[in-house]
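Comments concern the structure below.
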Amino acid sequence: MVVLEAHELYRFYHVGDDETAALRGVSLTLTPGEMVAIAGPSGSGKSTLLACLTGLDEPDGGYVTVGNTRMTRRPEAERAAIRAENFGILLQSANLFQHLTVAENITLPMLMAGTFDSPRLGGLLSALRLEARARAYPQELSGGETARAGLAVALAADPPVLVADEPTAEVDRQTEARLMLHLEVRRAAGKTTLLATHSEALASRADRVLHLRDGRISNE
Ligand SMILES: Nc1ncnc2c1ncn2[C@@H]1O[C@H](COP(=O)(O)OP(=O)(O)OP(=O)(O)O)[C@@H](O)[C@H]1O
């Protein structure tokens with residue numbers, strides 16, 4: 001069974017006369033319970049790939065399917081619905097609503113998925129050391145707290161697929177260890193996780209590491 005498939009993704013950016021080929025024929029498949037890391041130097045296309053996989057960006061060629069549903073080349077509203085049902089997403093741009101508190105931000109994806117669960121909210125706040133900041137607004141958080149709150153939001157609805165770009169870039173080792181525990185629980189429950197990461201510790205826990213270089217996967 002395949003939860004997420006990318007087939008020959010291409011993405012070009014144009015600035016003036018310059019063309020950057022950010023993705024040049026990337027294909028991958030993810031199965032339930034898999035944890036996959038994407039590694040690659042800065043500019044190799046990791047963020048572009050994650051945005052295309054989650055339907056936040058449209059590839060110029062190729063397509064993405066989520067379960068049996070094609071994500072690519074659909075109106076944004078349809079992509080948003082597929083996204084809400086299937087993905088927890090933490091990209092480099094923060095995923096927090098500024099007018100909601102930390103606890104409210106975490107609650108929102110659960111409400112949207114119809115799975116509000118108060119003990120789960122408490123568990124996420126505690127696992128990510130945010131209990132004392134539950135009533136704070138995003139602009140009152142430090143960089144590390146913002147990163148941890150973003151992770152809690154991405155994990156909130158216990159999504160079939162978690163997609164995270166550098167989830168531990170701004171967290172300390174203790175929080176990284178707690179996140180890994182969460183990821184192990186997800187794996188045991190058959191949930192899929194895709195992470196772009198520079199963390200050796202995190203990549204070493206993955207079932208597979210895909211190496212991205214100049215918009216191509218070099219080992220798959
Ligand atoms: N909006 C954009 N307009 C023009 N070029 C872009 C745009 N976004 C990304 N690029 C270019 O596309 C290439 C891939 O960028 P991308 O952000 O996907 O790489 P990355 O591997 O995520 O890098 P990093 O690790 O630094 O975040 C880079 O050469 C980048 O400069």
Side-chain angles (χ1 to χ4, degrees), residues 4-30 34-66 71-74 76 79-80 83 86-96 138 142-151 153-154 159 161-173 175-176 179-180 183 192-220:
L4 181 67
E5 178 176 11
H7 182 77
E8 288 284 308
L9 296 183
Y10 285 83
R11 182 74 174 100
F12 302 96
Y13 293 113
H14 295 101
V15 178
D17 289 340
D18 292 334
E19 178 179 273
T20 303
L23 299 178
R24 312 176 192 218
V26 173
S27 298
L28 59 84
T29 54
L30 302 180
E34 254 197 321
M35 179 172 158
V36 175
I38 299 180
S42 178
S44 58
K46 301 180 298 294
S47 303
T48 304
L49 176 59
L50 297 188
C52 287
L53 291 175
T54 51
L56 289 166
D57 190 12
E58 279 277 63
D60 297 305
Y63 60 87
V64 173
T65 54
V66 186
M71 166 75 94
T72 311
R73 280 178 280 286
R74 282 184 188 279
E76 167 53 28
R79 298 207 305 269
R83 201 156 51 233
N86 292 282
F87 291 107
I89 303 175
L90 178 68
L91 299 185
Q92 280 173 355
S93 51
N95 56 354
L96 303 173
S142 72
E145 287 167 348
T146 303
R148 300 204 303 276
L151 263 172
V153 169
V161 185
L162 170 69
V163 174
D165 200 353
E166 298 287 353
T168 56
E170 294 205 46
V171 305
D172 56 29
R173 286 198 170 193
T175 308
E176 183 175 66
L179 170 66
M180 284 191 217
L183 297 183
T192 302
T193 300
L194 181 66
L195 307 166
T197 186
H198 287 120
S199 159
E200 298 278 331
L202 208 51
S204 70
R205 297 288 188 102
D207 300 306
R208 285 187 286 149
V209 181
L210 304 178
H211 294 276
L212 204 56
R213 194 165 287 273
D214 293 332
R216 289 195 183 91
I217 289 178
S218 57
N219 61 344
E220 189 174 281

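Read the numbers this way: they start at 1 and go in the same order the structure lists the ligands and their atoms.
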For this session: May I have all residue pairs that pass salt bridge (charged side-chain N to carboxylate O under 4.0 Å, His left out) and include part of residues 196-207, sequence neighbours excluded?
Result: Glu184-Arg205, Arg187-Asp207
For this session: Please list, chain by chain and in numerical order, all residues satisfying side chain to side chain donor-acceptor pair (under 3.5 Å) with Glu166, sequence neighbours excluded.
Result: His198
For this session: Please report the C-alpha distance between Val26 and Leu210 in whole Å, then the side-chain angles of each, then the deciding distance to 0.1 Å, and finally whether the side-chain contact (heavy atoms from CB on, under 4.5 Å) criterion is met.
Result: CA-CA 11 Å; Val26 173; Leu210 304 178; over 6 Å; no
Problem set entry | Value rounded to 0.5 Å, distance of OG1 in Thr197 from CG in Leu202 | 4.5 Å
Side-chain donor-acceptor distances from residues 45-58 under 3.5 Å, at least two apart:
{"residue": "Lys46", "atom": "NZ", "partner": "Gly40", "partner atom": "O", "Å": "2.9"}
{"residue": "Lys46", "atom": "NZ", "partner": "Pro41", "partner atom": "O", "Å": "3.1"}
{"residue": "Ser47", "atom": "OG", "partner": "Asp165", "partner atom": "OD2", "Å": "2.8"}
{"residue": "Thr48", "atom": "OG1", "partner": "Tyr13", "partner atom": "OH", "Å": "3.1"}
{"residue": "Thr54", "atom": "OG1", "partner": "Leu50", "partner atom": "O", "Å": "2.8"}
{"residue": "Thr54", "atom": "OG1", "partner": "Ala51", "partner atom": "O", "Å": "3.3"}
{"residue": "Asp57", "atom": "OD1", "partner": "Arg11", "partner atom": "NE", "Å": "3.4"}
{"residue": "Asp57", "atom": "OD1", "partner": "Arg11", "partner atom": "NH2", "Å": "3.3"}
{"residue": "Asp57", "atom": "OD2", "partner": "Arg11", "partner atom": "NE", "Å": "2.8"}
{"residue": "Glu58", "atom": "OE1", "partner": "Arg73", "partner atom": "N", "Å": "3.2"}
{"residue": "Glu58", "atom": "OE2", "partner": "Arg73", "partner atom": "N", "Å": "2.9"}
{"residue": "Glu58", "atom": "OE2", "partner": "Arg79", "partner atom": "NH1", "Å": "3.4"}

For this session: Of all the heavy-atom pairs spanning Ile89 and Asn95, show the shortest one and how long it is.
Result: O-ND2, 3.1 Å
Seminar exercise, completed: Close residues (non-hydrogen atom under 4.0 angstrom from ligand 1) work out to Tyr13, Val15, Thr20, Ala22, Pro41, Ser42, Gly43, Ser44, Gly45, Lys46, Ser47, Thr48, Gln92
